[in-house]
There are 2 protein chains.
Amino acid sequence: MATISDVAKLAGLSVSTVSRVINNSPHVSVKKRSLVESAMDQLGYVPLPAARQLRGSKTNTMAVTIPRIVNPFFSYLVDAIEQRLDEAGYSTLIVQTFSRPEEELTALNLLKNQQVDGVILCSIENPWSVIGNYTKYGKIVLVNEYLKDDIKVPTIRANQYDGFYRATNFLFEKGYKKIAYATGRKSITFVKRGENFDADRFAGFQDSLNEHGSGFSHDWLFTSAHTAEDGKTILKQIMSLQDKPDVIIAGSDEVAMGILQEAEVEKVKVPEELGVLGVDDQPVSASLRVPLTTIKQPVNEMGQEAAKAMLKLMAGETISKEEILKLKIIERASV
Amino acid sequence: MATISDVAKLAGLSVSTVSRVINNSPHVSVKKRSLVESAMDQLGYVPLPAARQLRGSKTNTMAVTIPRIVNPFFSYLVDAIEQRLDEAGYSTLIVQTFSRPEEELTALNLLKNQQVDGVILCSIENPWSVIGNYTKYGKIVLVNEYLKDDIKVPTIRANQYDGFYRATNFLFEKGYKKIAYATGRKSITFVKRGENFDADRFAGFQDSLNEHGSGFSHDWLFTSAHTAEDGKTILKQIMSLQDKPDVIIAGSDEVAMGILQEAEVEKVKVPEELGVLGVDDQPVSASLRVPLTTIKQPVNEMGQEAAKAMLKLMAGETISKEEILKLKIIERASV
DNA sequence: TTTGATTATGAAATCGTTTCCACAAATACA
DNA sequence: TGTATTTGTGGAAACGATTTCATAATCAAA
């Protein structure tokens, strides 16, 4: 491995000059510059990242946190982010948090340890009182989820309240009366809009319910629903209920698929006996046995905007704190 | 950010001693050791990776290359790898190559630049003559695909020849006679077993064909098939054929899904008019409109074995060069 | 005791860069 | 023409760790 001084020696110049060429800073004569350049590619020289980092310069790496990469919503989100970052010459470090706060801290510590220039959080596992401390070490951007605190970090997200409000209205228009609700959260203790991601969804749902004078049974709330397996369990639970809902907002397409699968097994007709509304619009949702009606998240847009925001931040620009995109209802056959 | 000398100062000792404690090398008295330890967590000290790397020690990071993260086969593979690596204290850098040789080199250069301790290649975009050069910079493990050259790097893969041979036999048993074949490769110019991943698949297919005295029309070969979109195109092409196949091996579940989708649109009955055999067994394949019969890849096993192999390599153990797992035919309804 | 090995500790060199500082040469301004 | 600025260049310090080397203290064997 050639070092900077090998290059300097070959070019007959000082390491300082070589370094100036590498970082193309001014005050280098054209003659010497080309001398250095030819020496560099003669030796196949590439600066050692660790050494540059040690001096406190850029790492040209970004961390992106997601709960799990096998969740298509997040793999597409990451994909969109990475694409943009790539164009700008950054490499991307994907960190799976598995929804564990400690793992999120691992990612944030990369900032502290100068291993990355910034981190893009696609989910939030720690309170702002913890995350906020890391802003002094590097740039942070929030995507998808958000924090209600008065924070200074750019946030790119979709309007979950509006989307769920409209979606619930849509269900009423379709003639449904008894709407069940599934979510990934462990519990829904908050119902005020503007608290966070899940609260917004639930608030939108509730507001529509109230406007339609519709009741909501506690039996119709299903928490900790993440996987298709969870979906299957939910369907079984629904069918064992005295007072059954006639439609369910599944929280995610994955859960919706599980519900659909188990409905097939249990011979429950969708959408006649039970409507199923997904969330996300995964690529496969259209080719399910019963094509899934779903609330589409603007994944690509969010990813791209998040990357853009981060890049602007890196360029020292100040940017608007919040960008709110719109959810879209994709009507197919399951509702 | 506290440095090692801050710790040394607080503990009233030299940096050497602190370093010894950090790397728990011998010859440190219990008393001083605990002195250093309390100083360390009093300051919240964490060694700066860049500085350690500069001295040539471990990075505790592994790179994993995959064509694309949104491909579920690879996201599950990565997931399995990362899980194991995580347990061993390594973090994982996921590099998407988009099937471009240059991007694969980017990943291999991480080795050269001492940014990672090893790289796990889940696909192969460069010849061994290129990849082999990097073994001197760090450890390399091949998963999923393989190279026929006499290489020294551990390879974990599935027996594609055997799987496709059995799958084709299975189609004949089912009464199919005219079998089409789709693949992601740009062309199939090799048909000899043992050349590579795709050749093995095709050879297994061909051998079964020959044994059954069955012909193969060039019109029934579809190349560059990656996405569901490609699958849709393929179905249209098939339907425009004079001499139509009665079943197709789709190359991947994604392509199979596209075929299924378009078959729905074109009112082609599956499996009556056209059988569709997928490859991979993605989680959703079971809940498609027509549940997909598919050749299941041992993704989890491969990922775990690959990670294990890498860890053994890092520990200085020599390991058997090749581990070959078995493909499994999952029978559902599309064939 | 004396000698030799082992253990515990610190000083200083080292890794490969960037950047501050010094200084000379060239250019601009009066 | 003299002074002030700009441009070009190299030397050396700095970044934060690890590691080699030297030395002092302790222990074991004679």
Side-chain angles (χ1 to χ4, degrees), chain A residues 1-37 39-40 43-61 109-117 137-138, chain B residues 1-41 43-61 109-117 137-138:
Chain A
M1 291 297 316
T3 72
I4 194 173
S5 43
D6 296 332
V7 175
K9 217 166 289 168
L10 184 61
L13 294 163
S14 72
V15 290
S16 324
T17 304
V18 177
S19 177
R20 283 189 196 100
V21 172
I22 295 168
N23 301 283
N24 61 338
S25 46
H27 309 315
V28 178
S29 66
V30 255
K31 209 170 111 190
K32 315 260 162 153
R33 165 160 279 138
S34 70
L35 221 54
V36 169
E37 272 161 359
M40 288 206 297
L43 292 169
Y45 167 78
V46 179
L48 190 71
R52 317 186 77 171
Q53 281 173 235
L54 187 52
R55 282 297 311 205
S57 64
K58 292 270 162 81
T59 66
N60 281 320
T61 304
N109 274 316
L110 295 172
L111 224 47
K112 200 170 169 183
N113 297 337
Q114 302 171 34
Q115 304 205 78
V116 298
D117 297 337
Y137 303 121
Chain B
M1 289 299 317
T3 73
I4 194 174
S5 44
D6 296 333
V7 176
K9 217 167 290 168
L10 182 61
L13 294 164
S14 72
V15 291
S16 325
T17 304
V18 176
S19 177
R20 285 192 193 97
V21 172
I22 294 169
N23 300 281
N24 61 340
S25 46
H27 308 315
V28 178
S29 65
V30 256
K31 207 170 115 193
K32 315 260 161 147
R33 165 161 279 137
S34 70
L35 222 52
V36 169
E37 272 160 358
S38 75
M40 286 206 299
D41 56 46
L43 293 168
Y45 167 78
V46 179
L48 189 70
R52 317 185 77 168
Q53 283 174 233
L54 189 52
R55 283 295 308 202
S57 62
K58 293 270 162 83
T59 66
N60 281 321
T61 303
N109 274 317
L110 295 172
L111 224 46
K112 199 171 171 183
N113 297 337
Q114 301 172 34
Q115 304 204 81
V116 299
D117 297 336
Y137 302 121

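Letters go in sequence order (proteins before strands), and every chain restarts at 1. Computed over heavy atoms, backbone and side chain alike; hydrogens, waters and symmetry mates excluded.
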Taking [atom1] from [X] and [atom2] from [N], how many angstroms apart are they, rounded to a whole number?
{"X": "B/Leu13", "N": "D/dA24", "atom1": "CG", "atom2": "P", "result": "18 Å"}
{"X": "A/Lys32", "N": "D/dT7", "atom1": "NZ", "atom2": "C1'", "result": "13 Å"}
{"X": "A/Gln114", "N": "C/dT17", "atom1": "CD", "atom2": "P", "result": "17 Å"}
{"X": "B/Arg52", "N": "C/dG16", "atom1": "CZ", "atom2": "P", "result": "18 Å"}
{"X": "A/Leu54", "N": "C/dC15", "atom1": "CG", "atom2": "C1'", "result": "9 Å"}
{"X": "B/Asn23", "N": "D/dT19", "atom1": "CG", "atom2": "C1'", "result": "10 Å"}
{"X": "A/Tyr45", "N": "C/dT18", "atom1": "OH", "atom2": "C1'", "result": "10 Å"}
{"X": "A/Ile4", "N": "C/dT17", "atom1": "CD1", "atom2": "P", "result": "6 Å"}

Would you say C/dG10 has OP1 or OP2 under 4.0 Å from some side-chain N or O of B/Ser14? yes
Nucleotide of C/dT17, C/dT18, C/dT9 approaching A/Ser19 most closely (side-chain heavy atoms): C/dT18
What's the spacing between [X] [atom1] and [Y] [atom2] if we round to 0.5 Å?
{"X": "A/Ser5", "Y": "A/Leu10", "atom1": "OG", "atom2": "CG", "answer": "11.5 Å"}
{"X": "B/Leu110", "Y": "B/Asp117", "atom1": "CG", "atom2": "CG", "answer": "11.0 Å"}
{"X": "B/Thr3", "Y": "B/Lys9", "atom1": "OG1", "atom2": "NZ", "answer": "7.0 Å"}

Under a 3.5 Å distance rule, please check whether A/Gln114 uses its side chain to pair with a backbone N or O of B/Leu48 as donor and acceptor. no
Toward the 5' end of DNA chain D, which comes first, A/His27 or B/Val15, by nearest nucleotide? A/His27
Judged by each residue's nearest nucleotide on DNA chain D, which is more toward the 5′ side, B/Ala50 or B/Arg20? B/Ala50
Is the shortest heavy-atom distance from the side chain of B/Thr59 to the side chain of A/Gln115 under 4.5 Å? no
Both B/Ser29 and B/Ala51 contact DNA chain C. Taking the nearest nucleotide for each, which residue is further toward the 5' end? B/Ser29
Between C/dT18 and A/Arg55, counting only base atoms on the nucleotide and side-chain atoms on the residue, is there a donor-acceptor pair under 3.5 Å? yes
Quick check: any donor-acceptor pair below 3.5 Å linking the side-chain of B/Ser16 to the base of C/dA11? yes
Determine the contact category for A/Val46: base if any of its heavy atoms lies under 4.0 Å from a base atom, sugar-phosphate if only primed atoms, P, OP1 or OP2 are that close, otherwise nothing. sugar-phosphate
